[in-house]
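What follows is a single structure, written as structure tokens, with notes after it.
We name chains A, B, ... by the order of the sequence lines, and we start the count at 1 in each one.
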Amino acid sequence: MSGYVLRRVGQSLLALLGVSIVVFALMHLVPGDPIRTALGTRFDQDVYEVLLARSGLDQPIPIQYVDWLTSALVGDLGVSFRTGQPVSDALMQRLPATALLAVAALLVGIVIALPAGIVSAVRQGKPVDYAANGFAQVGVSVPDFWYGILLILVFAQILGWLPPSGYTSPLDDPVDALRRLILPAVTAGVVTGAILTRFVRSSVLEAMSADHVRLARAKGMPSGYVLRHHVLRNAWIPIITVSGLQLGTLLGGIVVVEVVFAWNGLGRLALDAVVRRDYPVLQGAVLLIAGVFLLINLLVDLVYAKLDPRIAAS
Amino acid sequence: MRRRSLVPIVVVALGLAACNGGEEVDLGDAADDEALDDVEDAPDDDPEDDPDADPDEAAEGGTLRAAIGGDPDQLNPHTTTSSFAFTVLENVYDTLVEPGDDLTMEPALAESWEVSDDLLTWTFELRDGVSFHDGSELTADDVVASYEFIAAEGDNAFRLDPVESFEAVDDATVEISLERPAPNLLEQLGAFKGMAIAPAEAIDAGTLDDEPVGTGPFSFVSFTPGDSVEIERYDDYWGGTAAIDGVHFQVIPDPGVKLTNLETGEVDWIDSVPPEQVETLQDLDDVEVGQVAGNDYHYLALNHEVEPFDQVEVRQAIAYALDIATITEAAQFEAATPNETAIPETSFWYFDHERFGTDPDQAQQLLDEAGVEEGEITIDLMVTNEFPETVTAAEVISSQLGEVGIGVDIRTEDFSTWLADQGDGDFDGFVLSWIGNIDPDDFYYAQHHSEGINNFQGFADDEVDQLLDDAREETDEDTRKDLYDQAAERIVDQASYIYFYNSDIIEAWAPNVSGYETRPDQATRFRGVSLED
């Protein structure tokens with residue numbers, strides 16, 4: 001088991017290094033740079049060159065990367081070109097908001113997906129199955145900003161039950177934080193729920209067709225008992241895996257929801273960094289998102305190995 | 001069950017996000033968003049610290065909840081390039097002089113000024129009893145330190161270009177010596193908050209990025225990047241204490257959501273309204289719309305260094321073929337005024353001139369004269385989704401030019417890429433706007449003088465160069481106006497730019513906000529605002 005863990009940690013670190021190289025290269029290959037962008041339309045070549053030299057962006061890209069990596073290894077991610085704020089401060093300021101939203105969205109997704117997926121598998125081919133499939137299809141096809149705007153329209157504008165946007169820290173005001181969390185969490189959660197519903201359904205179906213389940217049925221065991229003890233126990237593993245992946249995706253990928261709901265999270269930070277060519281912030285944000293993603297992946301694998309010892313052995 | 005492999009997707013998604021715009025720099029259209037605010041409707045008191053608010057008479061008080069469409073990069077007026085920063089800083093800092101309601105310069109920190117006969121020495125008398133938010137008195141040294149910093153650092157130095165030296169004659173007197181006459185010196189010092197006066201000590205210590213210290217009606221409290229800025233009333237403000245306790249600026253990037261926040265009473269004021277929403281809003285009882293003709297202009301520039309746009313006939317043909325009224329309507333709905341010249345009728349510098357109108361036959365004839373065959377020209381037209389109206393305008397341009405056999409390839413880019421391509425001259429044409437136009441030296445010289453730093457279209461015309469050089473130093477206002485009129489006529493005639501329209505400034509607020517006025521220079525002044533219950 002420990003060899004397995006070490007191997008997986010090693011792979012994760014390697015992946016992280018790869019990610020940092022790819023992002024660094026991509027960012028610098030895209031036209032534009034933070035100095036040019038900050039100067040905007042009132043551009044002056046002389047001012048530009050002075051600022052460029054001062055920023056170190058006139059150095060060859062490999063040298064810039066090595067400089068960045070050397071600092072990053074000792075925990076210094078640099079400072080934002082745009083704001084002058086240390087990148088690690090910016091990340092830590094945004095991480096809680098994104099983590100809260102991601103976890104809440106995953107919960108919403110699971111609350112939707114577990115019953116919907118299980119019922120639709122058990123009642124395969126029945127109306128409830130079609131309904132669940134229909135939901136899953138619509139859920140993954142319709143873009144999340146559309147749900148977001150729809151929810152704002154209904155619950156904020158028409159009914160006036162919830163505030164339309166914004167983030168409040170639960171530490172400052174738990175009630176307001178919850179009120180502001182609901183709409184974005186449901187928006188992101190519907191999509192997650194739609195994706196998970198399909199996985200839950202197919203996992204349960206797969207488990208239901210296993211020999212031991214058919215045997216249990218043939219023995220005349222009550223179907224609820226078979227479902228709980230034979231089917232779900234086996235179906236859990238892929239469900240946990242996919243839920244973990246979804247959490248990782250939510251942590252990095254709810255940019256649109258964060259923009260619509262003015263949610264001050266990592267996704268918006270990264271988006272702004274892309275738009276402004278704020279290299280250090282983007283590099284830091286991607287690294288953090290990728291790191292968290294890999295960490296969740298790793299944890300999922302470890303849980304997986306725990307649930308099914310054959311995996312670690314192989 | 002694949003389990004790895006999503007990381008590259010995250011990366012690619014972020015990479016792709018590069019094709020999307022945001023707020024930004026010093027362009028025209030800050031156009032969006034609102035804010036929400038967690039302050040509820042509490043009649044006064046900031047949620048957090050509010051040491052010296054609401055002591056005295058402040059019958060009304062209350063915190064104004066203002067929504068802005070993007071977050072300031074930082075809050076140092078001398079170095080920020082974000083229009084959102086200036087929405088805040090307008091209320092925290094002062095300049096020596098400032099634009100009045102008709103945009104002429106009026107006393108602010110300087111109570112009076114004198115100009116020497118040779119027009120090379122300006123002497124400013126500072127207002128008595130002005131204090132910074134840290135309690136220190138404003139002195140001439142602070143003015144000198146501010147200007148010296150600006151002249152030495154960054155992108156506002158051009159405003160002080162004619163200046164030879166700054167001198168603190170005594171505590172209350174500043175003398176500015178010029179190398180050449182600068183009839184627009186007051187505009188350069190006062191029309192833009194980037195020329196703000198800050199304490200010499202804080203400038204030397206380099207602390208202004210984190211701790212703004214001004215002389216304005218509100219003092220800085222806190223800044224949460226990406227989220228909000230908090231300012232509170234400064235009780236010793238020289239211009240009379242503000243009625244409200246403070247302003248909470250909330251960042252709301254999506255324009256529609258910003259509007260919803262205003263309609264639902266989450267915020268009291270929003271920084272801009274998309275033009276297509278204006279009509280709907282005007283029908284609502286619980287929203288006040290402030291709309292004034294702005295000085296911003298929107299235009300098409302062709303690359304004079306690329307054939308056949310180097311031929312004036314071809315540029316003029318394009319001007320004849322376009323119907324700017326339709327372009328205006330499509331891009332801005334009712335919220336703009338078509339104009340073949342740069343500056344609107346409301347400005348002293350307006351030049352009444354209709355050179356082209358819409359005349360496809362004339363366009364065709366000019367193209368024939370220039371020896372251009374039908375279908376021979378395809379314009380590589382660069383626009384940016386940072387400013388969606390440029391994309392809309394490009395679509396109309398494409399269809400109108402199609403009628404005279406000119407093709408248009410619309411290239412929509414994110415703004416950083418756009419700026420890089422503009423700098424490299426990698427375009428046949430682009431559509432953009434220019435904002436904050438008060439003095440013509442500012443908006444003609446840089447863009448149409450052959451030496452101008454923003455002359456990306458590569459316009460070079462001796463006559464225009466001469467007129468702009470002369471006007472730059474001409475101190476008689478009427479003569480100067482006449483020179484700029486001649487320059488404007490020539491710039492339009494030679495189609496250095498093809499001007500489209502002047503867009504309105506549109507803001508909106510709740511009916512309980514009184515004393516606020518939308519200004520043509522987009523200055524967001526909350527010092528006169530009060531909140532009713």
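At least one side-chain heavy atom of Pro225(B) sits under 4.5 Å from a side-chain heavy atom of Arg94(A). Between Arg36(A) and Thr417(B) the shortest side-chain heavy-atom distance does not fall below 4.5 Å.
Gln74(B) contributes atom CD, which lies 9.5 Å from atom CZ of Arg82(A) (distance to the nearest 0.5 angstrom). With rounding to the nearest 0.5 angstrom, the CG atom of Leu159(A) is 12.5 Å from the OG1 atom of Thr264(B). The CG atom of Asp254(B) sits 10.0 Å away from the CZ atom of Phe145(A) when rounded to the nearest 0.5 Å. Atoms CG and CD, on Asp227(B) and Gln93(A) in that order, are 7.5 Å from each other to the nearest 0.5 Å. Considering OG1 of Thr83(A) and CG of Asp71(B), their distance stands at 8.5 Å, rounded to 0.5 Å.
Counting all heavy atoms, side chain and backbone alike, Ala420(B) lies closest to Gly32(A) at CB-N, 3.4 Å.
Crowding of Glu49(A) atom CD: a count of heavy atoms from other residues, nucleotides or ligands under 6.0 Å exceeding 12.
Using a 4.5 Å cut-off between heavy atoms, Gln157(A) touches chain B through backbone and side chain atoms alike. Neither the backbone nor the side chain of Ser228(B) comes within contact range of chain A, judged by heavy atoms closer than 4.5 Å.
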Test side-chain contact (heavy atoms from CB on, under 4.5 Å) applied to Asn264(A) and Val251(B), step by step = CA-CA 9 Å; Asn264(A) 194 23; Val251(B) 176; over 6 Å; no
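Side chain of Ser416(B) to main chain of Arg276(A): no donor-acceptor pair is present (N/O by atom type, distance under 3.5 Å, no hydrogens or angles).
Here Asp414(B) pairs with Arg277(A) in a salt bridge; the nearest charged N to carboxylate O distance falls below 4.0 Å.
No hydrogens or angles considered: a donor-acceptor pair under 3.5 Å links the side chains of Ser165(A) and Asn261(B).
When the ring pair (Phe, Tyr, Trp, His ring centres under 6.0 Å) test is applied to Tyr147(A), no partner is found at least two apart in sequence or on another chain.
When each of Asp46(A), Asp278(A), Val260(A) is scored by its heavy-atom pairs under 4.5 Å with chain B, the top score falls to Val260(A).
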